[in-house]
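Notes follow once the structure below has been shown.
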Amino acid sequence: MTGLVLASASLARARLLTAAGVAFTVHPASVDEAAMKDSLQVAGADARAVAEALAELKAAQVSAAMPDALVLGADQVLVFDGVLVSKCADLKEARALLRELRGQPHDLISAAVLCLHGAPVWRHAAAARLTMRDFSDDFLDAYLAEEGEALLGGVGCYRLEGRGAQLFARVEGDHFTVQGLPLLPLLEALRQHGVLPA
């Protein structure tokens, strides 16, 4: 085994791994997430299954090209009122989404899968429930202006570790899950696979 490879271009996930002292390289997977998500939903998959399948697809794709590496794939989905929410294409869509989420709870499900020799060897998914406060349109417009298009990289158009915290009244669940990676179970798995010391 040649070490850990992150099959994602997510800066948030890379920051979490780096802060936890995990050495890794980045090799983003190239998958059509929207098409995969649509086909899974048509097949009746629930949100957790969708997140796990996308995480596995990413890890397996990179693992097939780098069979001696332990490859980490991850994905996060947002569920609001029983419906999977997709990433917004622009700030106009982001504004509409945040207005819809305002004052309401939604769920984030983060999944991680480790693959070795092209096959999954570990998987974990975790959920968090977040409730937005009833913020004003003026606050929302100022928030979008300050944060800009960087928000479009996350499915909920917020970063809880930054100004996005001001959007919320309550968060129930692990903050690593909210940031897109079930970190503590992952660290245990990395210890078991010899990537981290026991």
Side-chain angles (χ1 to χ4, degrees), residues 1-79 82 84-87 106-130 153-156 172-198:
M1 190 166 63
T2 60
L4 181 68
V5 175
L6 176 61
S8 169
S10 166
L11 294 177
R13 292 187 184 105
R15 278 194 298 266
L16 285 173
L17 290 171
T18 299
V22 179
F24 64 97
T25 57
V26 176
H27 189 96
S30 178
V31 299
D32 187 341
E33 291 186 44
M36 180 72 169
K37 190 183 291 186
D38 289 345
S39 67
L40 287 165
Q41 287 184 277
V42 168
D46 64 14
R48 184 184 188 103
V50 169
E52 285 188 357
L54 287 168
E56 181 176 333
L57 178 65
K58 295 171 190 177
Q61 182 191 79
V62 173
S63 182
M66 307 173 78
D68 292 330
L70 188 63
V71 179
L72 171 62
D75 195 74
Q76 184 179 65
V77 297
L78 187 154
V79 184
L84 281 182
V85 175
S86 295
K87 288 183 179 178
H106 64 268
D107 297 301
L108 285 177
I109 300 169
S110 292
V113 174
L114 290 171
C115 282
L116 187 60
H117 304 298
V121 295
W122 174 87
R123 69 179 64 243
H124 185 85
R129 173 154 275 222
L130 297 83
V155 69
E172 302 163 76
D174 182 83
H175 74 278
F176 296 123
T177 297
V178 174
Q179 290 180 275
L181 193 63
L183 185 64
L184 299 182
L186 172 62
L187 293 176
E188 178 58 28
L190 294 178
R191 286 189 286 271
Q192 291 174 1
H193 285 276
V195 174
L196 294 176

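Computed over heavy atoms, backbone and side chain alike; hydrogens, waters and symmetry mates excluded.
Nearest heavy-atom pair across F24 and V22 is CD2-O, 3.2 Å. Closest approach of A53 to L40, counting heavy atoms only: CB-CD1, 3.6 Å. Contact detail for V71 and A59: the closest heavy-atom pair is CG1-O, 3.5 Å.
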With a 3.5 Å cut-off and sequence neighbours excluded, list the donor-acceptor pairs that the side chains of residues 107-122 form with protein atoms.
from: D107; atom 1: OD1; to: R129; atom 2: NE; distance (Å): 2.9
from: D107; atom 1: OD2; to: R129; atom 2: NH2; distance (Å): 2.9
from: S110; atom 1: OG; to: Q76; atom 2: NE2; distance (Å): 3.0
from: S110; atom 1: OG; to: T177; atom 2: O; distance (Å): 2.6
from: H117; atom 1: ND1; to: P67; atom 2: O; distance (Å): 3.0

Quiz: residues 178-191 side-chain donor-acceptor pairs under 3.5 angstrom, not counting sequence neighbours:
from: E188; atom 1: OE1; to: R191; atom 2: NE; distance (Å): 3.2
from: E188; atom 1: OE1; to: R191; atom 2: NH2; distance (Å): 3.0
from: E188; atom 1: OE2; to: Q192; atom 2: NE2; distance (Å): 3.3

Can I get a per-line list of side-chain donor-acceptor pairs under 3.5 Å for residues 3-12, giving both atom names and the distance, sequence neighbours left out?
from: S8; atom 1: OG; to: S10; atom 2: N; distance (Å): 3.0
from: S10; atom 1: OG; to: A12; atom 2: N; distance (Å): 3.4
from: S10; atom 1: OG; to: R13; atom 2: N; distance (Å): 3.1

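The ring-ring contact (aromatic ring centres under 6.0 Å, His included) check on H27 picks up nothing, with sequence neighbours excluded.
Residue pairs meeting the salt bridge (Lys or Arg N to Asp or Glu O under 4.0 Å) criterion with at least one member in residues 37-51, sequence neighbours excluded, are R48-E52. Residue pairs meeting the salt bridge (Lys or Arg N to Asp or Glu O under 4.0 Å) criterion with at least one member in residues 57-66, sequence neighbours excluded: E33-K58, K58-D75.
In this structure the side chain of L57 reaches within 4.5 angstrom of the side chain of M36, judged on heavy atoms.
Note that CG of L72 and OG of S63 are 11.5 Å apart. Values are rounded to the nearest 0.5 Å.
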